[in-house]
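Comments concern the structure below.
Here is how names work: the chains are called A, B, and so on, in the same order as the sequence lines, proteins then strands, and each is numbered from 1.
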There are 2 protein chains.
Amino acid sequence: MGMGRPREFDAEMALDQAMEVFWRHGYEGATIAQLTEAMGINPPSLYACFGNKEGLLKAALDRYTKLRGIWIDEVVAAPTAREVAERMLMGIADKQTDPANPPGCLLVQGGIACGTGSENVPFELAARRAQNEDQLRERFVRAKAEGDLKESADPAALARYVSAVSVGMGVMASSGADREALRQVADVAVQAVEAQSADKA
Amino acid sequence: MGMGRPREFDAEMALDQAMEVFWRHGYEGATIAQLTEAMGINPPSLYACFGNKEGLLKAALDRYTKLRGIWIDEVVAAPTAREVAERMLMGIADKQTDPANPPGCLLVQGGIACGTGSENVPFELAARRAQNEDQLRERFVRAKAEGDLKESADPAALARYVSAVSVGMGVMASSGADREALRQVADVAVQAVEAQSADKA
DNA sequence: CCAGATATGTAGTGTTCACTACAGATGTGG
DNA sequence: CCACATCTGTAGTGAACACTACATATCTGG
């Protein structure tokens, strides 16, 4: 039995283009026509490869969070909780204002609220954000065990806090905040983590 | 010349219902059918009163920000920058998880990214968020002048920071975070403002 | 070179969307 | 009571949407 005609486009490169469209217009705001044009393919190819619009979004999110997860692994390799927060938030400030990408964060821009029929898109994004938060929380748990964070510190609350600031910065970036403005936010935000850190000996 | 047949519905009550629909589904996710049903009117009444869908959104935003502005006036009446931040963020935690309203904040849920033809909706929301940030910044300017904030403190950066945390909490609330989780975030966030406060004598 | 399998491009499908034409209802001023 | 103005409900309008039927093209295995 033959294996059929081979695909004529590169799925990952097409995903990168789709990602950008979702990033810029959100899930509902992105149309199949825009997506197929950006991906350089026709609708039947899209549906054969990704099932439907939501399947394409999930594939794009997988790609996005995979790259992001690798970066966060580097972030949490920082020696202290304070430096983890600083690397994280300063990195976010830079990434979210990188002219190579649309401003903000796909996990926010993708869709915070959706209409009937797309209700689980916001949940899908929230689940991916929660993954990042988990990575941070585990790192802060370790920091507390190492005596790097105060005994009174709550690693889960700290992780939620850093995650919330990241999201807020993303929204600001998408509405025009420049890199310097975001760095100032990050700079202030880090001080809350510093306040939870054990005093230097 | 006669004045014509009088309107049979209350515009403000109808706006409250429309606000809730936009809040829950976002601008693009909200349909005219949902809006008119919630408002208890038919499409021609909506268009006669508000012009079009975007006009209705703006009217709903006006109503939302008016109430919110009054609340922020109370918040910035707190005696110190630290207490302003605490009242603000704790109040946000409570408001965004108030079961009387959809979770989160209309100025975020309304639409962070939109499709072609609605590009200025995100700008409209961003402008309203900026108003709140301005109120905070002015308060922090005063706090610095009063010696309540350190000489090294940047009131604009602090206001942006509190605003960013508020937005981040709103996104978390809309994706299911409960009140206690948001209060923990607020609690950590306030400590950054405290770190910018002048030492107590 | 043929049969089976999968991809592609053209050209649609039905549905849903924001919005409105129109006729009738209900008010005001003369 | 009449001319006029504005609102209301019914019933649509054209456009845009996500998605697909179908014929054709390009591969593999025999």
Side-chain angles (χ1 to χ4, degrees), chain A residues 1-15 17-19 21-22 24-60 110-111 113-121 124, chain B residues 1-15 17-19 21-22 24-61 110-111 113-122 124:
Chain A
M1 343 291 185
M3 283 172 53
R5 177 174 175 176
R7 175 178 298 140
E8 288 185 6
F9 63 96
D10 182 288
E12 287 207 332
M13 294 184 67
L15 261 186
Q17 302 305 314
M19 196 171 78
V21 175
F22 283 131
R24 200 174 296 278
H25 298 291
Y27 176 74
E28 292 191 309
T31 69
I32 297 292
Q34 287 173 327
L35 290 164
T36 53
E37 183 183 354
M39 298 167 85
I41 61 177
N42 290 307
S45 298
L46 190 160
Y47 284 89
C49 191
F50 302 104
N52 57 18
K53 190 182 177 184
E54 194 169 329
L56 175 61
L57 175 71
K58 287 183 184 174
C114 279
T116 310
S118 309
E119 292 94 345
N120 59 329
V121 166
E124 197 72 36
Chain B
M1 340 292 177
M3 284 173 50
R5 177 174 174 176
R7 174 179 299 140
E8 289 183 4
F9 64 96
D10 182 288
E12 286 207 333
M13 293 184 68
L15 261 186
Q17 303 306 314
M19 195 171 79
V21 175
F22 282 132
R24 202 173 292 279
H25 299 291
Y27 176 74
E28 293 191 306
T31 69
I32 298 291
Q34 287 172 326
L35 290 163
T36 53
E37 184 182 354
M39 298 166 85
I41 61 178
N42 290 308
S45 298
L46 190 159
Y47 284 89
C49 191
F50 302 104
N52 56 18
K53 190 182 177 185
E54 195 169 329
L56 176 61
L57 175 71
K58 287 183 183 172
L61 291 178
C114 278
T116 310
S118 309
E119 293 92 346
N120 60 328
V121 166
E124 196 72 36

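Here the closest heavy-atom approach between residue B:Ala113 and residue A:Gly26 is recorded as CB-N, 3.7 Å.
Separation of atoms SG (A:Cys49) and CG (A:Leu15) is listed at 7.5 Å; rounding is to 0.5 Å.
Distance A:Met39 CE to C:dG9 C1': 16 Å, rounded to the nearest Å. Rounded to an integer number of Å, the gap from NE2 of A:His25 to P of D:dA16 is 16 Å. Taking atom CG of residue B:Leu57 and atom P of nucleotide C:dA18, one finds them 13 Å apart after rounding to whole Å. B:Ile41 has its CD1 atom 11 Å from the C1' atom of D:dC7, to the nearest Å. For B:Asn42 and D:dG12, the CG to P distance is 15 Å, given to the nearest whole Å. Put simply, CG on B:Leu46 is 13 Å from P on D:dC7, counting in whole angstrom units. Atom CE of B:Met3 and atom P of C:dG30 are 13 Å apart (whole Å).
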Contact letters for nucleotides 17-23 of chain D, in which S counts primed atoms plus P, OP1 and OP2 and B counts the base, heavy atoms under 4.0 Å: SSBBB--

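Within the structure, salt bridge (Lys or Arg N to Asp or Glu O under 4.0 Å) contacts touching residues 3-13 of chain A (residues at least two apart or in different chains) are A:Arg5-A:Glu8, A:Glu12-A:Arg63.
Between A:Ser45 and C:dT8 there is a side-chain polar atom (N or O) within less than 4.0 angstrom of OP1 or OP2.
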Step-by-step side-chain contact (heavy atoms from CB on, under 4.5 Å) determination, B:Glu119 to B:Thr116: CA-CA 6 Å; B:Glu119 293 92 346; B:Thr116 310; 3.6 Å; yes

Stepwise side-chain contact (heavy atoms from CB on, under 4.5 Å) test for B:Leu61 and B:Phe22: CA-CA 10 Å; B:Leu61 291 178; B:Phe22 282 132; over 6 Å; no

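Of the residues in residues 5-15 of chain A, those with a non-hydrogen atom less than 4.0 angstrom from any atom of DNA chain C are A:Arg5, A:Pro6, A:Arg7, A:Glu8, A:Phe9. Remark: nothing in residues 114-121 of chain B comes within less than 4.0 Å of DNA chain D through any heavy atom.
A distance-only check finds a donor-acceptor pair linking the side chain of A:Glu28 to the backbone of A:Gly115 [under 3.5 Å].
Remark: B:Gln17 engages no residue in a side chain to side chain donor-acceptor pair (under 3.5 Å) (not counting sequence neighbours). Partners of B:Glu54 under the side chain to side chain contact (heavy atoms under 4.5 Å, CB included) rule, at least two apart in sequence or in another chain, are B:Tyr27, B:Asn52, B:Lys58, B:Asn120, B:Val121.
You'll find the side chain of B:Leu56 stays beyond 4.5 Å of the side chain of B:Lys53, heavy atoms only.
Of the candidates A:Met19, A:Arg24, A:His25, A:His25 is the only one forming a side chain to side chain contact (heavy atoms under 4.5 Å, CB included) with A:Val21.
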Show me the side-chain donor-acceptor pairs of residues 35-44 of chain A shorter than 3.5 Å, one per line, residues at least two apart or across chains.
residue : atom : partner : partner atom : Å
A:Thr36 : OG1  : A:Ile32 : O            : 2.9
A:Thr36 : OG1  : A:Ala33 : O            : 3.1

